[in-house]
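Notes follow once the structure below has been shown.
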Amino acid sequence: MSFVSDQIVSGLHLVVVAQAIAWLLFALILFVTIAPIRLRPRTITRVNLDRSLAFASMAFFFVLGYSHSAALVGITCVIGAGISELLQLLSPSRHARLPDAMAKSTGAAAGALVAMVALATSGSMAI
């Protein structure tokens, strides 16, 4: 019985870690999205790749952290990615663009899908 309870505790720890990472990524993405353009971090990749990877990572961890509602969480991440682009209208130095929203939403969809496949293959998914 101890082995089973150890697995449950270990699984719960992973869920809590996934949730913490998801919320941290959400906060960082939100900051970078609405902060003045001069505060946006510089990277070595293309900007749309950065956007896609950021939202893919966030959606991946949200789906892992809230797997009991994986499909709903994934859809929320995709819609939220589009909404995040609209939030840039709050900053005078930023602009909202459809191609940027598409890159973010595509990344979120990809991250959510990868997490759902990972959960389904591990046998711990309840959509």
Side-chain angles (χ1 to χ4, degrees):
M1 189 67 166
S2 176
F3 176 72
V4 173
S5 63
D6 288 346
Q7 283 186 319
I8 292 170
V9 169
S10 177
L12 289 175
H13 283 113
L14 290 175
V15 167
V16 170
V17 169
Q19 290 172 347
I21 292 170
W23 285 107
L24 178 64
L25 288 170
F26 173 76
L28 290 170
I29 289 170
L30 187 61
F31 173 77
V32 170
T33 298
I34 61 175
I37 195 76
R38 64 179 163 39
L39 295 178
R40 186 174 75 193
R42 301 284 178 220
T43 62
I44 59 172
T45 64
R46 298 172 137 211
V47 176
N48 276 341
L49 180 58
D50 291 344
R51 290 179 180 116
S52 293
L53 291 174
F55 278 87
S57 300
M58 182 191 71
F60 177 83
F61 284 107
F62 267 119
V63 169
L64 288 184
Y66 298 94
S67 61
H68 58 278
S69 303
L72 179 60
V73 170
I75 291 167
T76 302
C77 287
V78 171
I79 292 169
I83 292 171
S84 76
E85 189 64 21
L86 291 175
L87 288 174
Q88 290 188 357
L89 296 173
L90 299 174
S91 178
S93 67
R94 304 302 292 267
H95 56 277
R97 294 184 25 196
L98 183 58
D100 297 349
M102 294 303 295
K104 292 174 179 181
S105 294
T106 300
L113 183 60
V114 168
M116 286 184 213
V117 168
L119 288 168
T121 58
S122 74
S124 61
M125 184 165 143
I127 298 179

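Values below: all heavy atoms of this structure, side chains included; hydrogens, waters and symmetry mates excluded.
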Would a distance-only check, ignoring hydrogens and angles, find a side-chain to backbone donor-acceptor pair under 3.5 Å from Ser105 to Met102?
no

Which heavy-atom pair separates Thr121 from Ala118 by the least distance, and what is that distance?
OG1-O, 3.0 Å

Within the side chain of Ser67, is there an N or O that forms a donor-acceptor pair under 3.5 Å with the backbone of Val63?
no

Quick one: CG on Leu25 to CG on Leu30, what's the gap to the nearest 0.5 Å?
12.5 Å

Just by modelled atom types, is the Ala103 backbone N or O under 3.5 Å from a matching donor or acceptor in the Ser52 side chain?
yes

How close do Phe55 and Ser84 get, counting heavy atoms only, and between which atoms?
CZ-OG, 3.3 Å

Linked, directly or transitively: Val32 and Leu49 (ILVMFWY side chains, under 4.5 Å):
no

Measure across Ala18 and Leu64 and return the closest heavy-atom pair with its distance rounded to 0.1 Å.
CB-CB, 4.0 Å

For Gly74 versus Ala112, what's the shortest heavy-atom pair and its separation?
CA-CB, 3.7 Å

Nearest 0.5 angstrom please: Leu86 CG to Thr33 OG1, how far?
11.5 Å

Can you check side chain to side chain contact (heavy atoms under 4.5 Å, CB included) on Thr106 and Val78, steps first, answer last?
CA-CA 7 Å; Thr106 300; Val78 171; over 6 Å; no

Can the ring centroids of Trp23 and Phe62 be said to lie less than 6.0 angstrom from one another?
yes

Rounded distance (nearest 0.5 Å) linking atom CE of Met58 with atom CZ of Phe26:
7.0 Å

Do you know the tightest heavy-atom contact between Cys77 and Ala108?
O-CB, 3.7 Å

Which heavy atom of Gly82 sits nearest a heavy atom of Ala101, and at what distance?
CA-CB, 4.3 Å

Establish whether Tyr66 and Val114 are linked, either directly or via other cluster members, by ILVMFWY side-chain heavy-atom contacts under 4.5 Å.
yes

Quick one: CD1 on Ile29 to CG on Leu24, what's the gap to the nearest 0.5 Å?
9.5 Å

Shared ILVMFWY cluster between Leu119 and Val73, side chains joined below 4.5 angstrom?
yes

Donor-acceptor under 3.5 Å (Gln88 side chain, Ile34 main chain):
no

Less than 4.0 angstrom from a charged side-chain N to a carboxylate O is my criterion; do Lys104 and Glu85 meet it?
yes

Scan residues 50-61 for pairs that pass salt bridge (Lys or Arg N to Asp or Glu O under 4.0 Å), counting only residues two or more places apart or in two chains.
Arg51-Asp100

